[in-house]
There are 2 protein chains.
Amino acid sequence: MTARERGELRKSTIADVAERAGVSIKTVSRVINREPKVRQETRDRVERAITDLRYRPNSPGRMLASRRSYNLGLIYNANSSYINSIQNGALDACRSEHYDLLIHPCDYRSPDIAEEIAELVTGSKVDGLLLVPPVSDLPAVRHLLDTGNMPYVTISGMTTASGEWSVGTNDREVSASMVSYLAALGHRRIAFVRGHPDHKAMSRRYQGFLEGMQANSVDVIDGFVVQGENIFQSGIDCGRRLLQQSPRPTAVFCANDHMAAGVMAIAHESGVSLPKELSVAGFDDIPLAGQIWPALTTIRQPLREMASLAATLLIQRLRGNETDNVARVVDAELVTRASTAAPASPD
Amino acid sequence: MTARERGELRKSTIADVAERAGVSIKTVSRVINREPKVRQETRDRVERAITDLRYRPNSPGRMLASRRSYNLGLIYNANSSYINSIQNGALDACRSEHYDLLIHPCDYRSPDIAEEIAELVTGSKVDGLLLVPPVSDLPAVRHLLDTGNMPYVTISGMTTASGEWSVGTNDREVSASMVSYLAALGHRRIAFVRGHPDHKAMSRRYQGFLEGMQANSVDVIDGFVVQGENIFQSGIDCGRRLLQQSPRPTAVFCANDHMAAGVMAIAHESGVSLPKELSVAGFDDIPLAGQIWPALTTIRQPLREMASLAATLLIQRLRGNETDNVARVVDAELVTRASTAAPASPD
DNA sequence: GTGAAAGCGCTAACAG
DNA sequence: CTGTTAGCGCTTTCAC
């Protein structure tokens with residue numbers, strides 16, 4: 001009678017299982033790890049013992065012996081509002097590959113951020129890293145990734161460094177297509193609210209705006225491009241500045257949804273009717289976009305899918321399945337809702 | 001010359017540090033773990049060696065030997081929209097106590113959810129659990145917690161079981177005070193949108209609504225209490241039903257902010273002006289609440305603080321600092337914004 | 001197919 | 001205050 005059967009608290013170990021099944025611990029290990037070379041009859045016997053004893057492999061023991069944690073580390077800036085989707089995507093992949101996710105928010109202005117990240121890998125808490133901007137764009141972090149010999153994949157990062165493992169999206173192209181959409185509605189006075197300068201993706205969106213304007217032969221008007229900071233309040237501020245222009249823009253394209261919500265709030269407050277007098281468009285398609293009124297036309301950045309793909313790539317990398325194409329791009333798509341319409345009085 | 005100094009990839013171990021500092025590995029261990037009884041001079045020497053060798057303690061080694069993971073597991077339902085605040089709160093506490101957070105979303109309808117959770121603890125991946133409803137309210141999970149001998153703290157859960165480690169909030173009382181606030185504005189036709197029946201906290205909010213109505217001698221009107229499901233769309237549905245009543249309610253109190261946003265959207269769409277013709281109030285104070293227009297009057301549920309407290313309690317529990325008062329309550333507070341006002345034509 | 005032996009890197013218990 | 005010894009529970013290596 002084992003300790004377990006006597007109702008004692010001691011967890012059963014691989015040795016208990018081996019004894020009960022009448023095999024060696026190595027064989028139990030093989031069964032646990034789904035190794036092929038075990039006779040079916042033996043496998044069954046071991047599995048029965050495992051069930052009977054309610055055996056569950058001890059994670060630290062396995063980690064120590066195998067030198068793998070089966071954990072991925074998700075590194076992000078502490079107050080990112082996008083982390084939810086990314087996390088969910090990463091979890092989607094982890095779940096199917098039997099990995100766990102250790103989340104590690106950090107202050108991207110902290111001086112020893114690279115040290116902190118390195119410790120996760122060097123201390124064997126995680127096998128690899130998933131990184132999100134702006135943390136992933138920091139020089140110190142770049143240097144760590146380039147030289148530190150640690151498996152990683154970035155999500156939505158700079159995508160400039162060659163050989164970098166990354167998953168990105170087509171910010172620029174799709175931003176241009178938003179401008180085309182607005183132009184097709186008849187807008188000629190189109191404003192743009194730029195995103196935070198520390199986020200490289202934001203510059204790409206601005207580039208896309210410029211390209212779209214040019215492609216549609218719409219002039220970029222002085223004072224119609226304003227600098228925001230990605231948050232709601234800066235949308236309010238930028239919106240106020242834009243509404244003071246005369247003539248006003250008929251459409252505002254914002255580099256993210258939070259700022260678009262701010263622009264809409266100030267428009268409401270100023271008695272500017274949406275979308276009749278002002279069309280507003282955002283970028284990201286956060287949940288808010290569908291829940292404000294009028295519902296926001298935006299661009300769905302497939303963050304969850306991107307993160308899932310990133311985690312899958314990372315796990316492949318950890319397994320040594322080297323792939324040639326390590327920089328992947330997932331397409332974003334235009335989502336038209338009620339916040340955009342033809343301008344009331346086309347030029 | 002050590003391997004490290006030769007630029008090799010092998011990570012240095014406690015033995016390397018001991019050798020370099022001229023002490024035993026046990027002394028190095030003491031320094032790492034901040035144990036008191038080490039002479040300052042020795043400590044300095046060890047610390048220098050650690051720096052020189054870029055030594056970082058191997059987590060699995062320490063986990064295996066100490067039988068602790070220094071990880072907390074955060075268990076929540078996969079598509080919870082509140083998890084962000086909770087996660088951040090838990091991380092606040094973890095960070096200062098040198099714990100890491102392993103996140104574990106699950107499908108609360110899954111039959112083997114208890115097994116899944118048990119495995120985290122039994123497999124020594126985490127030392128203790130932080131649980132959020134509805135997962136924490138499931139009978140199978142309750143049973144596991146009651147009998148499984150695993151350290152845990154629930155957040156915002158049932159708070160009925162005595163002896164349960166929990167952090168809750170005063171949903172009922174504060175819901176009543178929202179009614180008092182609306183009544184003080186002059187509202188007499190107050191509607192309520194109930195939350196998802198699987199969430200116990202939602203029933204408490206409804207109870208609070210009823211109590212508030214009674215305390216203010218306001219009648220609960222037939223057809224003014226409707227059943228929602230916590231999500232935006234159900235707010236739209238419930239709002240539509242309420243607006244069809246005649247006379248209409250002058251105020252709608254919703255059991256959460258998502259539903260309040262839905263009510264506001266359908267009001268906008270129906271040309272009902274907010275807050276003049278209809279006041280809307282929510283519960284939770286999610287980021288959305290401040291970003292819709294008009295900004296939503298709601299109740300700030302201090303989820304982040306609650307989670308931080310829960311994690312702190314859990315860590316105390318893991319350290320054996322038994323506390324008498326294991327059920328804590330953190331007060332929620334009324335946040336008045338622009339979505340509520342005196343009714344246009346008081347009865 | 002299966003097993004025996006040797007660690008993985010650390011801490012616990014105790015000895016000094 | 002410091003060191004020695006003996007594992008923690010598993011995988012790895014290699015032998016059979």
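Note on naming: letters A, B, ... go to the chains in the order of the sequence lines (proteins, then strands), and numbering restarts at 1 for each one.
Between the side chain of B:R67 and the base of D:dG9, no donor-acceptor pair under 3.5 Å is found. For B:R30 against D:dT2, a side-chain-to-base donor-acceptor contact under 3.5 Å is present.
Between C:dT2 and A:T27, no contact under 4.0 Å exists linking OP1 or OP2 to a side-chain N or O. Side-chain nitrogen and oxygen atoms of A:S24 include at least one within less than 4.0 Å of the OP1 or OP2 phosphate oxygen of C:dG3. Contact annotation: A:N33 reaches the phosphate of D:dT11 (side-chain N/O to OP1 or OP2, under 4.0 Å). An OP1 or OP2 oxygen of D:dC10 is reached within less than 4.0 angstrom by a side-chain nitrogen or oxygen of A:Y55. Proximity of A:R62 to the phosphate of D:dG9: no side-chain N or O atom is located under 4.0 Å from OP1 or OP2. For the pair B:S29 and C:dT11, the criterion of a side-chain N or O lying under 4.0 Å from OP1 or OP2 is met.
Side-chain N/O atoms of A:E164 and A:T154 include a donor and acceptor closer than 3.5 Å.
B:Y76 and B:V135 make their closest contact through C-CG2, 3.8 Å (heavy atoms, listed as atom of the first residue, atom of the second, distance).
Relative to the side chain of A:K37, the nucleotides C:dT11, C:dT2, C:dG3 differ in distance, and C:dT2 lies closest. Listed nucleotides D:dG7, D:dT12, D:dG3 differ in distance to B:A65; the shortest reach to its side chain belongs to D:dG7. Proximity note for A:I14 (side chain, C-beta onward) versus C:dT2, D:dC10, C:dC10: the nearest is D:dC10.
Of the possible polar contacts, none joining the B:R20 side chain to the B:A49 backbone as a donor-acceptor pair under 3.5 Å is found.
Residue B:P57 is in sugar-phosphate contact alone, with no base atom involved, counting any heavy-atom pair closer than 4.0 Å across all strands shown. Within the nucleic acid shown, B:I32 has no heavy atom closer than 4.0 Å to any nucleic acid atom. Residue B:T42 is classed as a sugar-phosphate contact, given heavy-atom separations below 4.0 Å to backbone atoms only.
In this structure, B:Y55 OH and B:I32 CD1 are separated by 3.5 Å, a value rounded to the nearest 0.5 Å.
C:dG7 atom P lies 16 Å from atom NZ of A:K26, rounded to whole Å. Following rounding to the nearest Å, B:I25 (CD1) and C:dC10 (P) show an atom-to-atom distance of 8 Å. Spacing between atom CG of A:L53 and atom P of D:dG9 amounts to 14 Å, rounded to whole angstrom units. The distance from atom OH of B:Y70 to atom C1' of C:dG9 is 15 Å, rounded to the nearest whole Å. Rounded to an integer number of Å, the gap from B:R68 CZ to D:dG9 C1' is 18 Å. If you measure from atom CZ of B:R34 to atom P of D:dC1, you get 19 Å, rounded to the nearest angstrom. Rounded to whole angstrom, the span from the CD atom of B:E19 across to the P atom of C:dG9 amounts to 15 Å. Rounding to whole angstrom units, CE of residue B:M63 and P of C:dC8 are separated by 19 Å.
Judged by the 6.0 Å distance and 45° axis criteria, B:R317 is positioned over the aromatic ring of B:Y152.
Along DNA chain C, the nucleotide nearest to B:L64 and the one nearest to B:E35 differ in position, and the one closer to the 5' end is contacted by B:L64. When the nearest nucleotides of DNA chain D are assigned to B:R45 and A:S59 by heavy-atom distance, the more 5′-ward of the two goes with B:R45.
Contact annotation: the side chain of A:N33 approaches that of A:R62 to within less than 4.5 Å [non-hydrogen atoms, C-beta and beyond].
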